[in-house]
J.: 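Input: one structure, supplied below.
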Amino acid sequence: MKILSKIRAARTSDSTGSTGVDEQGDAATVHIGHRRRDCWWEPIYSPDVTINKEAYDWNATRDSGPSNRFISGSSLNSQITPGDTYSVKGKTFTNCDFQGDFTPVPLVMFDQCHFVNCDFAYSRWKDAHFRRCTFSGSSLSLASFSRCDFRDCDWQSMGVSSRIDLTHTFISNPSILIDSSVSNRNSNDKTLRHRLNQWYRLKGTRAHFLRGVMISHQTTGDERTYYHTVKLHELRRSTERLSYDLFQIYSQSYTQKAVFLAKLLLHLVNYVILRVFGWLNGWGESVSRPYLALVTCFVFFAEVYKHFPSKNFNGHSWQKSFDISLLVGFTNQSEVVGSTLSLIQNVHVIIAISIYSVFFATLISKLSRAR
């Protein structure tokens with residue numbers, strides 16, 4: 001009865017197209033096989049594929065890799081000698097369902113392996129390293145990874161969801177993974193509304209998944225990858241809003257269309273500003289970029305002011321540019337309101353304030369707090 005209750009709980013799905021997870025199903029001694037039949041939005045959707053329900057014995061020397069198999073975590077754990085790294089190299093897993101707790105001691109290493117049309121739902125991994133592996137047409141949805149590494153992996157047509165649990169897990173190329181994520185369409189629904197719905201929901205899924213990656217990367221991996229993940233998350237969250245507005249403009253009444261059109265314009269402005277300021281400081285990584293931008297601003301406007309002689313100049317044009325760039329003497333450089341020089345000064349001070357703020361905010365962030 002306990003096994004039947006686990007399977008029923010795991011088969012619970014919501015209307016959004018995501019499948020419920022059985023929190024007590026980590027034993028995975030019985031294969032849960034409904035996802036390939038029901039989850040049409042997933043790349044692993046293949047109702048005609050029959051999975052061998054007998055747990056794979058992890059005899060890696062027998063062939064080039066298992067096909068159409070149920071891969072149980074307990075079966076892997078039983079093959080590992082505590083204290084020894086268990087290595088799987090160059091194997092191909094095709095149409096395999098990984099389920100259960102994969103908790104090797106100290107770790108399992110998948111090196112240059114291929115995972116083709118594999119489903120990782122209902123699996124929990126701890127201390128697993130995937131190095132230079134290829135994931136094609138597979139799904140990480142509803143899986144859990146703790147202290148795992150995905151280094152230099154190749155991702156193709158992947159299924160992801162916001163319900164992937166990442167704890168101290170490092171992905172060296174999250175941009176490739178997120179760009180490879182897909183959400184298929186229901187073959188029974190040919191409407192444009194359905195296509196747009198799947199499109200904007202994929203945008204949202206990517207943003208939510210990247211939030212989990214970003215949080216995981218706060219304490220794992222190198223600085224460069226962390227700040228790159230920050231960039232990915234912020235931009236994907238912004239495009240999620242844009243795609244949602246476009247979907248609502250298509251599907252709502254005329255009154256609501258006007259409302260979402262206004263939101264679309266605001267979100268578009270937000271996206272542009274985010275792009276500009278994100279580039280300016282490398283999404284929080286670079287202090288040198290805004291510093292060089294401030295120096296460039298100072299030199300550029302100093303040259304501009306040479307062509308606008310004025311009796312109100314308090315010193316040389318370079319001094320004028322210095323006063324305005326650092327905001328220390330802007331009031332000493334007053335001009336006739338509405339004049340060409342006054343307009344140039346106004347533009348100068350707006351640019352200077354923007355760069356100045358980003359520079360010091362980035363510098364203080366770097367020096368006063370841990371990542």
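Worth saying up front: this structure is predicted, and the values here are computed from it rather than measured.
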J.: Which heavy-atom pair separates R206 from I178 by the least distance, and what is that distance?
T.: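 Nearest pair, atom of R206 first, then I178: NE-O, 3.2 Å.
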J.: Should side-chain heavy atoms under 4.5 Å link Ile, Leu, Val, Met, Phe, Trp and Tyr, which residues sit in the same cluster as Y200?
T.: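 So far as hydrophobic clustering goes, Y200 is joined with L192, L196, W199, L235, L242, Y244, L246, F247, I249, Y250, F260, L261, L264, L268, Y271, L274, W283.
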J.: Quick one: closest heavy-atom pair of I324 and A352, and the distance?
T.: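 Reported closest heavy-atom pair: O-CB, 4.0 Å.
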J.: Taking atom types as modelled and ignoring hydrogens, do the side chains of T255 and S253 form a donor-acceptor contact shorter than 3.5 angstrom?
T.: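 Side-chain D/A pair, T255 to S253: absent.
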J.: Using a strict threshold of under 4.0 Å (side-chain N to carboxylate O), is an ion pair present between K306 and E303?
T.: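 A salt bridge is present here (some side-chain N lies under 4.0 Å from a carboxylate O).
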J.: By the salt bridge (charged side-chain N to carboxylate O under 4.0 Å, His left out) test, which pairs, at least two apart or in different chains, include something from residues 246-262?
T.: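 Listed by first then second residue: nothing to list.
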J.: Is it true that D152 and R132 make a salt bridge, defined as a side-chain N closer than 4.0 Å to a carboxylate O?
T.: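 Looking at R132 together with D152, the answer is no, because their closest N to O distance does not fall below 4.0 Å.
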J.: Inspect the contact between K53 and D97 and indicate whether a charged nitrogen and a carboxylate oxygen are less than 4.0 angstrom apart.
T.: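 Looking at K53 together with D97, the answer is no, because their closest N to O distance does not fall below 4.0 Å.
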J.: So R289 and N281, side chain to side chain contact (heavy atoms under 4.5 Å, CB included) or not? Walk me through it.
T.: CA-CA 6 Å; R289 279 191 187 182; N281 72 344; 5.7 Å; no
J.: Are the aromatic ring centres of F102 and W125 under 6.0 angstrom apart?
T.: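 Ring-ring flag for F102/W125: true, centres closer than 6.0 Å.
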J.: Under a plain distance cut-off of 3.5 Å, with no hydrogens placed, do N95 and N117 share a side-chain donor-acceptor pair?
T.: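 Present: a donor and an acceptor within the cut-off.
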J.: Less than 3.5 Å apart, any donor N or O on the side chain of S325 or H348 sitting next to an acceptor on the other?
T.: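 Yes.
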J.: Looking just at side-chain N and O atoms, do S139 and R35 make a donor-acceptor pair shorter than 3.5 Å?
T.: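 Yes, because at least one side-chain N or O of S139 sits under 3.5 Å from a partner of the opposite role on R35.
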J.: Any chance you could measure S243, atom OG, to H267, atom NE2, to the nearest 0.5 Å?
T.: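 The OG atom of S243 sits 10.5 Å away from the NE2 atom of H267.
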J.: Consider side chain to side chain contact (heavy atoms under 4.5 Å, CB included). Of F115, F70, Y56, which one does F98 pass it with?
T.: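 Answer to the side chain to side chain contact (heavy atoms under 4.5 Å, CB included) test with F98 among F115, F70, Y56: F115.
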J.: Could you pull out the closest heavy-atom pair between H208 and S162, with the gap in Å?
T.: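 Smallest heavy-atom distance, with atoms named: CB-CB, 3.5 Å.
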J.: Could you tell me if the ring centre of F93 sits under 6.0 Å from that of H114?
T.: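 No, ring centres 6.0 Å or more apart.
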J.: Taking the six-membered ring for Trp and the single ring otherwise, decide whether the centroids of W318 and F298 are under 6.0 Å apart.
T.: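 Judged by ring-centre distance (under 6.0 Å), W318 and F298 do meet the cut-off.
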J.: What class does the angle between the rings of W155 and F135 fall in, given that below 30° is parallel, 30 to 60° is tilted and above 60° is perpendicular?
T.: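 The arrangement is parallel - the two ring planes meet at less than 30°.
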J.: Search all heavy atoms of L294 against all heavy atoms of I355 and return the closest pair with its distance.
T.: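 Scanning both residues, the minimum pair turns out to be N-CG2, 3.6 Å.
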